[in-house]
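Contents: one structure, followed by commentary.
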Amino acid sequence: KVQSLYPDWQYDHPRVLYALIRLLKPEKVIECGTFMGYGACYMARALEENVRGHLYCIDNWRVPNPEWRKEPVKVTVENSLRALDLWHRVLLIEGDSAEVEWPRADFIYIDAHHSYAACLKDWHKAVATGATCICFDDALGTIGPRRVVDEVVMPDPHWEVARIPGGAGLAICMKTTVTDHAPCPDTQEVE
């Protein structure tokens with residue numbers, strides 16, 4: 001049904017996000033950069049199937065809809081979520097991601113402004129929410145998200161990164177537990 005609402009958007013990242021949310025079962029999800037709501041519909045659907053959680057969509061909704069869609073972009077998001085009976089899982093937060101307050105969250109998808117500075121600010125805000133999974137859209141083919149992943153996330157031992165090709169790429173950043181590799185207390189040294 002999502003595909004029928006978005007015939008002009010046929011890429012796989014939203015389905016990957018859907019699968020991650022089904023697997024990880026987060027309570028609070030933030031989408032930073034919602035635009036027309038294609039990804040939001042998949043993420044809200046995953047939360048609905050998990051029978052728990054809420055999605056917070058942050059966007060300024062200033063980018064115009066494609067010409068053939070007559071309504072404003074934010075209306076497209078609202079109408080799609082209502083058509084899918086998912087509106088009760090979503091809260092829209094209008095404003096620039098750097099300026100609005102983000103709720104605490106477990107899972108975050110960053111797909112707003114793709115400049116390095118904007119992606120870096122979104123990364124720091126995402127980390128501050130306590131998220132354990134932070135995904136970047138366009139993390140292979142767009143310089144801003146790619147640089148943040150390469151230069152900030154990957155060198156940090158507290159994060160593991162998986163990249164999925166397709167489109168301009170998706171980076172999945174998972175929080176890890178760093179250990180000092182001390183011997184397990186159950187083992188005895190062999191002399």
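What's counted below: heavy atoms across the whole structure, side chains too, no hydrogens, waters or symmetry copies.
In summary, of the residues considered (Val29, Ile21, Asp137), a side-chain contact (heavy atoms from CB on, under 4.5 Å) with Tyr109 occurs for Asp137 alone.
Side-chain contact between Phe136 and Leu170 is absent, with no heavy-atom pair separated by less than 4.5 Å. Counting heavy atoms from C-beta outward, Arg146 and Ile143 have side chains that approach closer than 4.5 Å. At a threshold of 4.5 Å between non-hydrogen side-chain atoms, the residues Leu5 and Asn79 do not count as touching. Considering only heavy atoms from C-beta on, Ile30 comes within 4.5 Å of Thr129 through its side chain. Taking the side chain as every heavy atom from C-beta outward, Cys135 and Ile110 never approach each other to under 4.5 Å.
No side-chain donor from either of Thr176 and Glu160 sits under 3.5 Å from a side-chain acceptor of the other. Using modelled atom types, one finds a donor on one side chain and an acceptor on the other under 3.5 Å when comparing Asp122 with Ser97.
A distance-only check finds a donor-acceptor pair linking the side chain of Asp59 to the backbone of Phe35 [under 3.5 Å]. Side-chain atoms of Arg52 do not come within 3.5 Å of backbone N or O of Glu27 as any donor-acceptor pair.
Remark: Glu48 engages Arg89 in a salt bridge (charged side-chain N to carboxylate O under 4.0 Å, His left out) (not counting sequence neighbours). For Tyr42, the ring pair (Phe, Tyr, Trp, His ring centres under 6.0 Å) partners are Tyr38, not counting sequence neighbours.
Salt bridge status for Asp96 with Arg62: present, with a side-chain N to carboxylate O gap under 4.0 Å.
Between Ile172 and Cys133, the closest heavy-atom pair is CG2-SG, 4.0 Å.
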